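Only this structure's heavy atoms are used, side chains among them; waters, hydrogens and symmetry mates stay out. Small disclaimer: the values here were computed from a predicted structure and weren't measured. Throughout, a chain's letter reflects where its sequence line sits, starting with A, and its residues are numbered from 1.
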There are 2 protein chains.
Amino acid sequence: MLRLSKLTDYATVILSFMAKNNERVCAAMELATATGIALPTVSKILKALVNAKVLISTRGAKGGYALATVPEKITVATIISALEGPIAVTECSISQQGCEQAAGCNISGHWNVINLAIYNALESVTLADMIKPQETLIPIASLYRLENHHVSQ
Amino acid sequence: MLRLSKLTDYATVILSFMAKNNERVCAAMELATATGIALPTVSKILKALVNAKVLISTRGAKGGYALATVPEKITVATIISALEGPIAVTECSISQQGCEQAAGCNISGHWNVINLAIYNALESVTLADMIKPQETLIPIASLYRLENHHVSQ
DNA sequence: TTTAAATAGGACTAAAATAGTCCCCAATTA
DNA sequence: TAATTGGGGACTATTTTAGTCCTATTTAAA
């Protein structure tokens, strides 16, 4: 299904909330309450986002988290990478030493093309876009193409 | 990491082999031998591809599997959908009834934009492309952007 | 008509990845 | 110095994925 993890999904919810309160420093507890996500989970996500330099943290009383930059500069690609590592659809795209199927497989170059296309798509949407009211909502009809290919497995 | 399943990866290897032997009907056993993937696993993948109408099967002695159409018409998006279901990065993109975070989350429309971008990328590469010798190999340098965002988690 | 070869379908087990929780430490402020 | 807040990492539980196996069905050929 080519799915993102739940944690990544949560991260966008948390970051969206923070973007709307742009100036403020938010404590993990506050974010947990605001989003309805359990505190330990929120903490885990925030730590990953700090490591990826998406957020800046302040320790101690009155501490908390704040966006490291403006929402316009935080891309979806960055958020996904922060929680899931590099964006690559196959293992062999990451480890440079090719796969065990080397005999039958010489298609890694093509996966790279696909990776790049996906990366560009993810890089083109920012946190600022995500908190916009959905004027840009796309017509339902165009989504049916996605469903057409579903096969119960 | 936004990763495809191993089975999907195997499927591209199997289909690539078949595309190169275009005319022939291949038995599961033959494909297992050619690709080095275990027979039961190959079988499972072939069944899914038949369900998705990517392959046509013939039962009985001298039976086997053949491509349902020319490699030019089999897209990566179709192959992925066959093994993993619809291409959608978040749960809420699939079930139309929104998520539990409804209060804090009104970004599903934006996920849909992302889904569509990814889908288009996957739809633009065909099985025929994948079996081409890699004249189109992209420069290593352009991939470094992907790695930059890696964060150990 | 029988036998062998092959797929269909689904149940089942094993392995791996993900999600979620918890604890103890470090830093900051009042 | 006490209270508050994040940092880091270990740990458990859950879910998903991978992989195997069994039985039925179909077909070609002996």
Nucleotides 19-30 of chain C: protein proximity per nucleotide (B base, S sugar-phosphate only, - neither; heavy atom, under 4.0 Å): BBB----BBBS-
What is the distance from [atom1] of [X] to [atom2] of [N], rounded to the nearest Å?
| X | N | atom1 | atom2 | result |
| --- | --- | --- | --- | --- |
| Leu55(B) | dT7(C) | CG | P | 11 Å |
| Ile37(A) | dT18(C) | CD1 | P | 18 Å |
| Asn51(B) | dG10(C) | CG | C1' | 12 Å |
| Leu31(B) | dA6(C) | CG | C1' | 13 Å |
| Lys53(A) | dG7(D) | NZ | C1' | 14 Å |
| Leu46(B) | dA18(D) | CG | P | 16 Å |
| Tyr65(A) | dT5(D) | OH | P | 12 Å |
| Leu49(A) | dG6(D) | CG | P | 13 Å |

Tell me, which pairs form a salt bridge (charged side-chain N to carboxylate O under 4.0 Å, His left out) where one or both residues lie in residues 29-41 of chain A, sequence neighbours left out? Arg24(A)-Glu30(A)
All pairs passing salt bridge (charged side-chain N to carboxylate O under 4.0 Å, His left out) where residues 41-64 of chain B contributes a residue, at least two apart: none
Could I get the full list of side-chain contact (heavy atoms from CB on, under 4.5 Å) partners for [X], not counting sequence neighbours?
| X | result |
| --- | --- |
| Ala32(A) | Leu39(A), Val42(A) |
| Ala38(A) | Pro40(A), Thr41(A) |
| Ser124(B) | none |
| Val125(B) | Ile114(A), Val76(B), Asp129(B), Met130(B) |

Angle between terminal axes - the helix from dT1(C)-dA30(D) to dA30(C)-dT1(D), 5 pairs each end, rounded to 10°: 10°
Please step through side chain to side chain contact (heavy atoms under 4.5 Å, CB included) for the pair Ser16(B) and Leu127(B), ending with a clear verdict. CA-CA 7 Å; Ser16(B) 294; Leu127(B) 187 54; 4.0 Å; yes
Under a single-linkage rule joining Ile, Leu, Val, Met, Phe, Trp and Tyr whose side-chain heavy atoms are separated by less than 4.5 Å, which residues share a cluster with Ile56(A)? none
Joining Ile, Leu, Val, Met, Phe, Trp and Tyr whenever any side-chain heavy atoms lie under 4.5 Å apart, the cluster holding Val70(B) also takes in none
Can you give me the N/O atom pairs linking the protein to nucleotides 14-16 of chain C at distances under 3.5 Å, or say none if there are none?
none

Side chains of Thr78(B) and Ser81(B): any donor to acceptor distance under 3.5 Å? no
side-chain contact (heavy atoms from CB on, under 4.5 Å), paired with Ile14(A), selected from Ile45(A), Leu55(A), Asp9(A): Ile45(A)
